[in-house]
Amino acid sequence: MGRFRVLLAMLFALSVLLAACSTPPAAQSTAEPDTPAGEATAAPAAPATQPPAPAEPSASSDLPVDVPRESVLVVDQIFRYSVVDNYNFFVPGPPTPTRQGLLYDTLWYLDQETGTWINGLAAEPPTYNDDFTEMTVKLREGVMWSDGVAFTADDVVFTVETLINTPGMLFGTNLGLYTERVVASDPTTVVFTLKEANPRFHTFFTARYNAVYIMPKHIWETAEDPLTFTFNPPVSLGAYVPQERDPNGFWELWKRREDWQATTVGMVTGNPGPEYILTIFYGDSAKKAIAASRHNLDILFDADIEAFQAIQGSTPTMRSWFADFPWAYPNELDYRFFGFNHTVAPFDNKDVRWALTLATDIVDLQTNYIGGVTRVTPLPLPATTLLMELYHVPLEPWLKELTIDLGNGESYQPYDPDVPKKIAAWAREQGYNVPEDSDTEGLRNRFGMGWWKYDPEAAEKLLLKAGFTRGSDNMWRKPDGEPFVIRMLAAPDENDVYRLATGFEDQMQAFGIEVEIEALERNPYTTRQSTGDFEATSSWGMLPVNANSDLWQALNNVHGRNLAPIGTDATTMGSTNSVRFKAPELDAIIDELATLSPDDPRVPELGQEAMKYWVENMLTTNTISFKKFTSFDDTYWTGWPTNENPTRQPLYWFMGGRFTFADLKPKQ
């Protein structure tokens, strides 16, 4: 049924697109919001104090704001905001993508494409004492809050103390774990005294996707309860302030500050950027394609492969990272995985997790469901060029020799190094130009490393070893005799997550396991995962790695000391361990990493040991690296990074996207 649904969606998307492109805009009605299967269709009521909710923005209308088109950069909002009037990004709930970089700031950044270190609110990199128990930060002078108050060291001290002293606030757990004292020795100097040596303490303030945002002390000190304070209207450290928003969460308009030169964006780039930025959620990929064809969308976050190909035909002014196959941006530092809740039987048994992995056909998933446009990864790391050199390639000999116990004394080697060749064979059948099978490096750069064998017979042996049985209907039953049904969460607005889930459903059905996909909008999907309210999930974000060899910060997010009990939001405890595994052996590796300088040659060695443990125990079934058809229409604006001009990350929804926006200039 999963593949059938995907095919129906493809046909529907293309039919809608073709119909829309041939119908004058005035003849089309405003569309209703998309509602994932299983969700209520009623839109949330707007607060009584709000004006009547505007209609959902659609490709058939002009932009929902009264600003000159040549002055506004229109950006894909990714999803509809279920919380629109709360800018407190220190608590779970308010959506942060794109907004965080427009509004907040932090001390440092790493550009996710180039690996370039960027000083943000700090004037220079951190300074540690000899034993790494003290970190000194020198701040930029001249940075202003949007209300005209100067940014100072007091804001940093107040932020850190507030987060530590208010249980439930994001970042607070890790800051409290290491911070003995934080003081402002003068208006531009902050000194952290640490409870123990930590040469990586600065990473909490160095943005990948996000980092510790800084509060305006003069505003937040008036809040009675930081957990419920909405920070609305917000005071901005970014180059923009919010101007208008749709109370139903479909769009938000931001206006450039008149004093943009007094922000770190202005200081770093020297550029003003667009006068306005409009983030807007049009709906599914087909609707985004229609908006792009009418030049009502300057930057596309992502689309499914069919909609992207339709965009190529209808909008020659829009392109993605590569000009040709595989088109999509391949270097976002994240990966997709199937996660199984380790607190729920039978997923607490690694033999069951291995069985589900070996019953999964990664070549089918990567080609027929994803379009062949990304890299596969057997590790819980994205297969970027850098990380493959550091981890995937050095570990491949070990992967080839890895054995698991199938039961009855039978050992088995599960790794398949020929997966890239199999994907390449599919790509050639589609008419794509791909490297030859003899070009190992070329295939790796295009399709990633090998993966696990598709071997239902081996999977069957593992389930039998775990006490499962097959019924007369060929469907599997758990050791207690109940049908083996896997209930899996998926977010339809994340194309790959949902398509991988439908592919998993198809493949498990063929193997004899029923899968029920629960499609959720982003906020409930995230909440269910964070609180452990699920059996299985198609997801991402377990290990937020960075563009270097040091995995400590990523692994520290799954350390057992931060393990959240079921029902507690893991993020409030500084954890990304949504599947709730317990791994003392992994904790020991993380603890040893913490004692080493990030430049110590043992750092990547320990990272490799962590990867081995993860794989041996199949803590998660890792599938593909992130790819994004992040595409740019140069009708109104120019200067977006591409493979030929890789100046900065195209990941505009990350905090560092603030600098990429500033590089854009009006099309002459």
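At least one donor-acceptor pair under 3.5 Å links the side chain of Thr106 to the backbone N or O of Val212. In terms of modelled atom types and a separation under 3.5 Å, the side chain of Glu113 and the main chain of Pro650 share no donor-acceptor contact. Arg257 places a side-chain N or O within 3.5 Å of a backbone atom of Ser236 that can act as its donor or acceptor partner. Between the side chain of Ser530 and the backbone N or O of Thr527 there is no donor-acceptor pair closer than 3.5 Å. For Thr660 (side chain) and Arg648 (main-chain N/O), no donor-acceptor pair under 3.5 Å exists by modelled atom type. Looking at Arg80, its side chain never comes within 3.5 Å of a backbone N or O of Gly249 through a donor-acceptor pair. In terms of modelled atom types and a separation under 3.5 Å, the side chain of Arg208 and the main chain of Leu333 share a donor-acceptor contact. Side chain of Arg140 to main chain of Asn119: a donor-acceptor pair is present (N/O by atom type, distance under 3.5 Å, no hydrogens or angles). A donor-acceptor distance shorter than 3.5 angstrom exists from the side chain of Asn523 to the backbone of Gly93, with no hydrogens or angles considered. Judged by distance alone, with hydrogens and angles left aside, the side-chain atoms of Ser538 form a donor-acceptor pair with the main-chain N or O of Val497 at under 3.5 Å.
Using a 4.5 Å heavy-atom cutoff, the side chains of Leu365 and Val376 are not in contact. Inter-residue side-chain proximity for Asp324 and Tyr432 is flagged as unmet; no heavy-atom pair is nearer than 4.5 Å. The shortest side-chain heavy-atom distance between Met215 and Leu163 falls under the 4.5 Å cut-off. Contact of the Lys288 side chain with the Ile311 side chain is not registered, since no non-hydrogen atoms from C-beta on lie closer than 4.5 Å. Side-chain contact between Val84 and Glu252 is absent, with no heavy atoms from C-beta onward closer than 4.5 Å. The shortest side-chain heavy-atom distance between Lys628 and Trp653 falls under the 4.5 Å cut-off. Looking at heavy atoms from C-beta onward, Pro330 lies out of side-chain contact with Ser625 at the 4.5 angstrom threshold. For the pair Leu253/Leu278, a side-chain contact is recorded, criterion being any heavy-atom separation below 4.5 Å from C-beta on.
The CG atom of Asp634 lies 9.5 Å from the NE2 atom of His295; values are rounded to the nearest 0.5 Å. The distance from atom CG of Asp105 to atom CD1 of Ile214, rounded to the nearest 0.5 Å, is 8.0 Å. Of the inter-residue distances, the one linking Glu389 atom CD with Thr384 atom OG1 reads 8.5 Å to the nearest 0.5 angstrom. Taken to the nearest 0.5 Å, the OG1 atom of Thr630 stands 12.5 Å off from the CZ atom of Arg319. To the nearest 0.5 Å, atoms OH (Tyr240) and CD1 (Ile277) are separated by 4.0 Å. For the atom pair CZ of Phe447 and CZ of Arg375, the computed distance is 10.5 Å after rounding to the nearest 0.5 Å.
Remark: Arg99 qualifies as a cation-pi partner of Tyr81 under the 6.0 Å distance and 45° angle criteria applied to the six-membered ring. The cationic atom of Arg336 (NZ for Lys, CZ for Arg) lies less than 6.0 Å from the six-membered ring centre of Phe626 and within 45° of the ring axis.
Between Arg69 and Asp298, at least one side-chain N (NZ, or NE/NH1/NH2) sits under 4.0 Å from a carboxylate O, which counts as a salt bridge. A salt bridge is defined here as a Lys NZ or Arg NE, NH1 or NH2 lying under 4.0 Å from an Asp or Glu carboxylate O, and Asp302 with Lys627 meets this definition. Salt bridge present: Glu494 and Arg522 bring a charged side-chain N and a carboxylate O closer than 4.0 Å. Using a 4.0 Å cut-off between charged nitrogen and carboxylate oxygen, Asp85 and Arg245 do not count as a salt-bridge pair. Salt-bridge annotation for Arg499 and Glu306: present, with a side-chain N of the basic residue lying under 4.0 Å from a carboxylate O of the acidic one.
The nearest pair of heavy atoms linking Asn495 to Ala303 is ND2-C, 3.2 Å. Scanning both residues, Thr620 and Asn622, for their nearest heavy atoms gives OG1-OD1, 2.8 Å. The nearest pair of heavy atoms linking Leu664 to Gly639 is CD2-C, 3.6 Å. Of all heavy-atom pairs spanning Asp304 and Ala307, the tightest one is OD1-N, 2.8 Å. The minimum heavy-atom distance between Ala328 and Ser320, with the atom names listed, is CA-OG, 3.9 Å. Between Pro226 and Val91 the shortest heavy-atom distance is O-CG1, 4.4 Å.
Ring-plane geometry between Tyr87 and Trp254 is classed as perpendicular, the angle between the planes exceeding 60 degrees on a 0 to 90 degree scale with a lower cut at 30. Relative orientation of the Phe661 and Trp640 rings is tilted, given thresholds of 30° and 60° on the angle between their planes.
For the ring pair (Phe, Tyr, Trp, His ring centres under 6.0 Å) test with Trp327, the passing option among Trp321, Phe308, Phe322 is Phe308; the others fail.
A donor and an acceptor atom, one from each side chain of Tyr209 and Thr96, are located under 3.5 Å apart. No hydrogens or angles considered: a donor-acceptor pair under 3.5 Å links the side chains of Ser539 and Gln529. Side-chain polar atoms of Thr635 and Asp633 form a donor-acceptor pair below 3.5 angstrom. Asp111 and Thr114 share a side-chain donor-acceptor pair at under 3.5 Å. A side-chain donor-acceptor contact under 3.5 Å links Asp155 and Trp145. Between the side chains of Gln649 and Tyr329, no donor-acceptor pair is found at a separation under 3.5 Å.
Summarising the local packing, CD of Glu141 is surrounded by 12 or fewer heavy atoms from other residues, nucleotides or ligands at distances under 6.0 Å. For Glu644, the CD atom sits in a packed shell: over 12 heavy atoms of surrounding residues, nucleotides or ligands are nearer than 6.0 Å. Other residues, nucleotides and ligands contribute over 12 non-hydrogen atoms within 6.0 Å of the CG atom of Asn645.
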Q: I would like to know whether Phe90 and Tyr104 meet ring pair (Phe, Tyr, Trp, His ring centres under 6.0 Å); could you show each step before the answer?
A: CA-CA 11 Å; Phe90 300 95; Tyr104 283 97; 5.6 Å; yes
Q.
side chain to side chain contact (heavy atoms under 4.5 Å, CB included), that's the test. Do Leu139 and Leu107 meet it? Break it down for me.
A. CA-CA 8 Å; Leu139 301 176; Leu107 300 181; 3.9 Å; yes
(Q) Is there a side chain to side chain contact (heavy atoms under 4.5 Å, CB included) between Asp663 and Thr269? Walk through the geometry before answering. (A) CA-CA 7 Å; Asp663 286 342; Thr269 69; 4.2 Å; yes
Q: Evaluate side-chain hydrogen bond (donor to acceptor under 3.5 Å, both in side chains) for Thr571 paired with Asp569, printing each intermediate quantity in order.
A: CA-CA 6 Å; Thr571 60; Asp569 192 315; 2.4 Å; yes
(Q) Please evaluate residues Phe231 and Phe89 with respect to the criterion side chain to side chain contact (heavy atoms under 4.5 Å, CB included), reporting the C-alpha separation (whole Å), side-chain torsions for both, the decisive distance (0.1 Å), and the verdict. (A) CA-CA 9 Å; Phe231 192 38; Phe89 295 171; over 6 Å; no
Q: List the steps and the verdict of side chain to side chain contact (heavy atoms under 4.5 Å, CB included) for Gln112 and Asn546.
A: CA-CA 7 Å; Gln112 298 301 291; Asn546 226 317; 3.0 Å; yes
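In this structure Gln553 satisfies the side chain to side chain donor-acceptor pair (under 3.5 Å) test with no other residue, sequence neighbours excluded.
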